There are 2 protein chains.
Amino acid sequence: MHWSDRLYRSLIAVADLVNRLDIDSRLLSAAGVKLDRALFPLLARVAMSPGINVAEMSNLVGRDHSTVSRQVVKLEKLGLIVRTPDPVDSRARRLHLSDQGSAIMAKVKAIRRQWMEGHFQDWSEKDRDDLVDLLQEMIGKDWQTGIPPART
Amino acid sequence: MHWSDRLYRSLIAVADLVNRLDIDSRLLSAAGVKLDRALFPLLARVAMSPGINVAEMSNLVGRDHSTVSRQVVKLEKLGLIVRTPDPVDSRARRLHLSDQGSAIMAKVKAIRRQWMEGHFQDWSEKDRDDLVDLLQEMIGKDWQTGIPPART
DNA sequence: CCATATATATGCATTTTGCATATATCACGC
DNA sequence: GCGTGATATATGCAAAATGCATATATATGG
């Protein structure tokens, strides 16, 4: 099999894994989180990219900005994130975790770390670090390049 | 930053990439595909795992089996997949690409390969192959193990 | 043969989604 | 400064997707 096909298979498997984890009721309930299934992925991405705005988020997750806008309002009403005016662009609002949101994500993070350590316990440190480095190198690039022009 | 957090960030980025690609209208239209956004991911996974059934697929993608069941019917009505009786379990039906589905996925695959080759053109072959190998090693494992049991 | 589990399908209410549209602000050329 | 088109966000609305409950057929294991 060509390396690109092997890689693609792995990427799909990773995506499915993440999508399952994002909504995994065991993981969420272990962290004491009770959240609509569409909300946790956004919360996790705010945690990962503090200061992100709705437009950037919608590009990131591949959903319409109107969809993201409404979900963000929900997260704010739940008290999990705060929206602060962008200091240099008064159209935009920057998203951050609230204290409550941070507390929740800290719990999730602890569980995730414990679980990852279990998963990689029989890996050599070198292989593990190589994987992390290579993955970071891969996703750091502009994956859009080379795809034919604009959406819709 | 702890390696598990760096890894998690990369996994999220990969998931977002795949989710965007799965619905990327530029990619799909370049392959001459016109498909509801929820259908392509399933079609891609049938292509990846020929003979998979609805139950396995619903576990894989993290959606209810009823949802997957209906989407699979749609794919069949569109002539993109075929459902054949499972020879050893007459409750189940195994999913395969139809000729038309295969033709579409072949186009998508060609575009994807070209695009991946562009993305990795300045990588060493060794790094690229290491990444593929390590990723395969990682996703081959049982990622479920270690998550606390359902609490409900 | 019976009880329980599994694979799929469907009715139904709810949630999620995207498009069209609206408003406010920005960026830039003039 | 002013106009023009782009951008960030929000919302009405209809359509699509989703999950749960339930039903049927088959399997599996006493």
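Proteins come first, then strands; the chains are lettered A, B, ... in the order of their sequence lines, and each starts at number 1. None of the values given here were measured: they were computed from a predicted structure.
- Between the CZ atom of B/Arg94 and the C1' atom of C/dA7 there is a distance of 11 Å, given to the nearest Å.
- A single hydrophobic cluster is not seen to contain both B/Val82 and B/Ile52; linkage of ILVMFWY side chains at heavy-atom distances under 4.5 Å, directly or through other members, places them apart.
- The nucleotide whose nearest atom lies closest to any side-chain atom of A/Arg37 is, among D/dT7, D/dG19, C/dT16, D/dG19.
- Side-chain N/O atoms of A/Arg63 include one lying less than 4.0 angstrom from OP1 or OP2 on C/dT17.
- Closest-nucleotide positions on DNA chain D for A/Arg70 and B/Gln71 were compared, and the one nearer the 5' end corresponds to A/Arg70.
- Counting only heavy atoms from C-beta on, B/Ser66 has its side chain closest to D/dC20 among D/dC20, D/dA8, C/dT16.
- The phosphate of D/dA17 (OP1 or OP2) has no side-chain N or O of B/Thr67 nearer than 4.0 angstrom.
- Contact annotation: B/Ser69 side-chain N/O to C/dT10 OP1/OP2 distance is not under 4.0 Å.
- Here B/Asp86 lies out of heavy-atom contact (under 4.0 Å) with every strand.
- Nearest-nucleotide positions on DNA chain C place B/Asn53 closer to the 5' end than the other of B/Asn53 and A/His65.
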Checklist entry - Taking only Watson-Crick and G-U wobble pairs with both distances under 3.5 Å, what dot-bracket line describes DNA chain D, where [ ] shows pairs that cross earlier ones and | shows pairs with another strand? => result ||||||||||||||||||||||||||||||

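- Looking at the side chain of A/Arg83, the nearest of the listed nucleotides C/dC19, D/dA10, C/dA7 is D/dA10.
- The nearest pair of heavy atoms linking A/Val61 to B/Arg20 is C-CG, 4.5 Å.
- Each of A/Ile104, A/Leu43, A/Leu42 was scored for a side-chain contact (heavy atoms from CB on, under 4.5 Å) with A/Leu35, with one residue passing: A/Leu43.
- Looking at every heavy atom in both residues, A/Gln71 comes nearest to A/Ala38 through NE2-CB, 3.3 Å.
- Atom CG in A/Asp89 sits about 8 Å away from atom P in D/dT9, given to the nearest Å.
- For the OP1/OP2 pair of C/dC26 and a distance below 4.0 Å, the side-chain nitrogens and oxygens of A/Ser90 include at least one atom meeting the criterion.
- The distance from atom CG of A/Leu42 to atom P of C/dT16 is 11 Å, rounded to the nearest whole Å.
- B/Leu75 has its CG atom 15 Å from the C1' atom of D/dA16, to the nearest Å.
- Protein atom CG of B/Asp36 is 10 Å distant from nucleotide atom C1' of D/dA17, rounded to whole Å.
- Annotation for B/Leu97 and B/Ser102: closest pair CB-OG, 3.5 Å, computed over non-hydrogen atoms.
- For B/Ala55, the listed nucleotide lying nearest its side chain is C/dA7; candidates were C/dT16, C/dA7, D/dT11.
- Here the side chain of B/Arg91 is nearest to one of C/dC26, D/dT26, C/dT8, namely D/dT26.
- When every heavy atom of B/Ser4 is checked against every heavy atom of A/Arg113, the shortest pair comes out as OG-CG, 3.4 Å.
- Between B/Lys126 and B/Asp130, at least one side-chain N (NZ, or NE/NH1/NH2) sits under 4.0 Å from a carboxylate O, which counts as a salt bridge.
- Considering only side-chain N and O atoms, B/Lys74 lies nowhere under 4.0 angstrom from the phosphate OP1 or OP2 of D/dA16.
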Checklist entry - Would A/Arg6 and B/Asp133 satisfy salt bridge (Lys or Arg N to Asp or Glu O under 4.0 Å), going step by step from the backbone distance to the final call? => result CA-CA 9 Å; A/Arg6 289 209 298 142; B/Asp133 289 343; 3.1 Å; yes

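- Ranking D/dA10, C/dT25, C/dC19 by closeness to the A/Asp64 side chain, first place goes to C/dC19.
- Taking only side-chain nitrogens and oxygens, B/Arg93 comes nearer than 4.0 Å to OP1 or OP2 of C/dA9.
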